[in-house]
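Letters A, B, ... mirror the listed sequences (proteins, then strands); counts begin at 1.
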Amino acid sequence: MGDGAGSDRTYARIYAVVKRIPKGRVATYGQVARLAGLRGQARRVGYALSALEDDRGIPWQRVINARGEVSPRSEPGFDLIQRVMLEAEGVRFDPENRVALSRFGWRPRRQRTG
DNA sequence: TTTATGGCTGTCA
DNA sequence: ATGACAGCCATAA
């Protein structure tokens, strides 16, 4: 890696943040970006997660968009899989297929100490 | 190199 | 609540 655009520290940082999202909680792309020190680069988070071929222990399903919805992507039906995974963790969806971020949103109290 | 999307978001009508 | 727009960055043609 090194010169590779995606596979360097930046993605690693994103993954590190996603890894901290507790089970049963969700975070938004923008939130992850900010916690990773990449303010305003929410889209990059989506790319980093999209680049994951395997989970690698990274709970990608816990990252949703700022509306509280599971973002649809290229692969049809994949958003449903994500939803099922979240529901299995206890995250509940509204009739409008939305998650109440006020209730299930992840709120880290502190930055990681090290 | 330029263009066109793409697991996004905040602001403003 | 909805829709248009502009930032931001990656990847594929």
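- A cation-pi arrangement is absent between Arg92(A) and Phe104(A), since the terminal nitrogen or guanidinium carbon is not both under 6.0 Å from the aromatic centre and inside a 45° cone about the axis.
- For the pair Ile81(A) CD1 and dG7(B) C1', the interatomic distance rounds to 13 Å; values are reported in whole Å.
- Nucleotide dT2(C) forms a Watson-Crick or G-U wobble pair with dA13(B), both donor-acceptor distances falling under 3.5 Å.
- For Tyr47(A) against dG7(B), a side-chain-to-base donor-acceptor contact under 3.5 Å is absent.
- The side chain of Ser50(A) places no N or O atom within less than 4.0 Å of a non-bridging phosphate oxygen (OP1 or OP2) of dA10(C).
- Comparing dA4(B) with dC8(C), their C1' atoms sit 16 Å apart, to the nearest whole Å.
- Nearer the 5' end of DNA chain C, as judged by each residue's closest nucleotide, is the contact made by Gly40(A), out of Ala51(A) and Gly40(A).
- In this structure, Arg44(A) reaches the dA10(C) phosphate: one of its side-chain N or O atoms is under 4.0 Å from OP1 or OP2.
- The shortest distance between side-chain heavy atoms of Val32(A) and Ile14(A) falls below 4.5 Å.
- Of the two residues near DNA chain C, Arg98(A) and Ala42(A), the one whose nearest nucleotide lies more 5' is Arg98(A).
- The nearest whole Å value for the distance from the CD atom in Glu69(A) to the C1' atom in dT9(B) is 14 Å.
- Atom CZ in Arg73(A) sits roughly 12 Å away from atom C1' in dG6(B) (whole-Å rounding).
- The closest side-chain donor-acceptor pair between Gln31(A) and Arg107(A), if any, does not fall under 3.5 angstrom.
- Atom CD1 in Ile14(A) sits roughly 13 Å away from atom C1' in dG7(B) (whole-Å rounding).
- Regarding Tyr29(A), its OH atom lies at a distance of 19 Å from the P atom of dC9(C), rounded to whole Å.
- Per the geometry, CG belonging to Asn97(A) stands 16 Å off C1' belonging to dA1(C), to the nearest Å.
- Distance from the side chain of Gln41(A) is smallest for dC8(C) among the nucleotides dG7(B), dC8(C), dA10(C).
- Rounded to a whole Å, the CZ atom of Arg43(A) is 14 Å from the P atom of dA6(C).
- Rounded to whole Å, the separation between the C1' atoms of dT1(B) and dT11(C) comes to 15 Å.
- Classification of Glu89(A) and Arg25(A) as a salt-bridged pair fails, no side-chain N sitting under 4.0 Å from a carboxylate O.
- For Asn65(A), taking side-chain heavy atoms from C-beta onward, the closest of the listed nucleotides dG7(B), dC8(C), dT9(B) is dT9(B).
- For Ala66(A), the side-chain atoms get nearest to dT9(B) when compared with the rest of dT9(B), dG7(B), dG6(B).
- Contact between the side-chain N/O atoms of Tyr11(A) and the OP1/OP2 oxygens of dC9(C) is not found at any separation under 4.0 Å.
- Remark: dC8(C) base-pairs with no nucleotide; criterion is Watson-Crick or G-U wobble with both hydrogen-bond distances under 3.5 Å.
- Between Trp60(A) and Phe78(A), the ring center distance clears the sub-6.0 Å criterion.
- Of the charged side-chain nitrogens involved, at least one lies within less than 4.0 Å of a carboxylate oxygen, so that Glu69(A) and Arg67(A) count as a salt-bridged pair.
- Trp60(A) places its CH2 atom 14 Å from the P atom of dC8(B), with the value rounded to the nearest Å.
- At a threshold of 4.0 angstrom between heavy atoms, the contacts of Val63(A) include nucleobase atoms, whether or not backbone atoms are also involved.
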